[in-house]
Chemist: 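So that we are looking at the same thing, I have put the structure below in structure tokens.
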Amino acid sequence: MNHSLMVTDSGNHHHQHITPPPVTTHHHGGGSDGNHGGGSDGNHGGMAMTFYFGCSHVELLFSSLVINSAGEMVAACIGVFLLAVFYEGLKIGREILLRRSQVNVRYNSMPLPGSDGTVLMETHKTVGQRMLSPAHFLQTLLHIIQVVVSYFLMLVFMTYNGYLCVAVAAGAGMGYFLFSWQKAVVVDITEHCH
């Protein structure tokens with residue numbers, strides 16, 4: 001489609017033809033009308049903006065990783081599920097490693113006057129970690145991996161594909177179920193002595 005634009009410059013008329021760039025829409029599949037069952041209108045660069053269930057032409061994280069069949073979607077969902085489980089395990093694993101690598105444990109006790117004239121002793125545990133230690137370098141590396149995996153899972157969810165979103169949620173739930181019972185419970189222990 002050509003559009004004509006007339007430009008007036010000191011009495012001279014110039015006709016300039018402007019050809020707009022071709023409009024490309026990105027089809028994720030799922031709706032018979034090509035817009036995920038009526039969701040996206042193409043104003044967002046073809047990116048799905050509503051949840052849909054489809055198995056044809058779904059790009060997963062990389063342009064070269066395109067899902068085009070139900071079998072590929074099942075494999076992708078299994079991979080995403082395992083990635084979400086790994087993410088939850090990584091979070092708990094980092095906490096366990098942090099507890100094991102803590103150094104400089106100190107106990108500080110301070111007297112507190114009680115309401116009936118007695119003296120209560122409150123004990124606080126202070127822990128620290130050295131910055132230039134192998135444990136801290138390992139924690140830093142694991143933190144980077146955790147951030148990257150979390151962004152991958154977020155981007156998978158942002159495909160708005162219902163199957164992939166369910167896989168992320170189910171993997172996160174399974175990972176929490178499998179690993180959270182090992183999570184450190186922080187309890188402020190206060191010893192009272194009379």
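The figures here come from the full heavy-atom set of this structure, side chains too, leaving out hydrogens, waters and symmetry mates.
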Chemist: Between NZ of Lys91 and NE2 of His143, what distance do you get to the nearest 0.5 Å?
Modeler: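 Taking NZ in Lys91 and NE2 in His143, the distance rounds to 12.5 Å.
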
Chemist: Could you check if a side-chain atom of Phe53 sits within less than 4.5 angstrom of a side-chain atom of Asn161, using non-hydrogen atoms only?
Modeler: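 No, every pair of side-chain atoms sits at 4.5 Å or beyond.
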
Chemist: Do Ile96 and Leu90 belong together in a cluster built from hydrophobic side chains that touch within less than 4.5 Å?
Modeler: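 Different hydrophobic clusters.
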
Chemist: By the rule that ILVMFWY residues connect when side-chain heavy atoms come within less than 4.5 angstrom, directly or transitively, which residues belong alongside Tyr176?
Modeler: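 Traced through the cluster, Tyr176 reaches no other member.
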
Chemist: For the backbone of Arg94 and the side chain of Gln139, can you confirm whether one donor and one acceptor N or O come within less than 3.5 Å of each other?
Modeler: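 Present.
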
Chemist: Among the clusters formed by ILVMFWY side chains lying less than 4.5 Å apart, do Met174 and Ile92 turn up in the same one?
Modeler: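 Looking at the clustering, Ile92 is in the same group as Met174.
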
Chemist: Distance-only criterion, 3.5 Å: show the donor-acceptor pairs between side-chain atoms of residues 63-87 and protein atoms not counting sequence neighbours.
Modeler:
{"residue": "Asn68", "atom": "OD1", "partner": "His57", "partner atom": "N", "Å": "3.1"}
{"residue": "Ser69", "atom": "OG", "partner": "Glu72", "partner atom": "N", "Å": "3.3"}
{"residue": "Glu72", "atom": "OE1", "partner": "Asn68", "partner atom": "N", "Å": "2.6"}

Chemist: Check the pair Leu155, Leu60 against side-chain contact (heavy atoms from CB on, under 4.5 Å), reporting the backbone distance first and the verdict last.
Modeler: CA-CA 8 Å; Leu155 290 172; Leu60 183 61; over 6 Å; no

Chemist: Can you list the residues that meet the side-chain contact (heavy atoms from CB on, under 4.5 Å) rule with Tyr151, with sequence neighbours excluded?
Modeler: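 Here the qualifying residues are Val147, Met154.
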
Chemist: List the residues meeting side-chain contact (heavy atoms from CB on, under 4.5 Å) with Phe157, not counting sequence neighbours, and say none if there are none.
Modeler: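 Here the qualifying residues are Phe51, Cys165, Val168.
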
Chemist: Specify the closest pair of heavy atoms between Thr50 and Tyr160, including all atoms of both residues, with the distance to one decimal.
Modeler: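 Residues Thr50 and Tyr160, closest heavy atoms: O-CB, 3.3 Å.
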
Chemist: Look up atom NE2 in His136 and atom CG in Leu97, then write down how far apart they are to the nearest 0.5 Å.
Modeler: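 His136 NE2 to Leu97 CG: 13.5 Å, rounded to 0.5 Å.
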
Chemist: Are Leu61 and Tyr163 co-members of a hydrophobic cluster defined by side-chain heavy atoms under 4.5 Å apart?
Modeler: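 Yes, same cluster.
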
Chemist: Do Thr159 side-chain atoms and Val156 backbone N/O form a donor-acceptor pair below 3.5 Å?
Modeler: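 Checked: pair present.
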
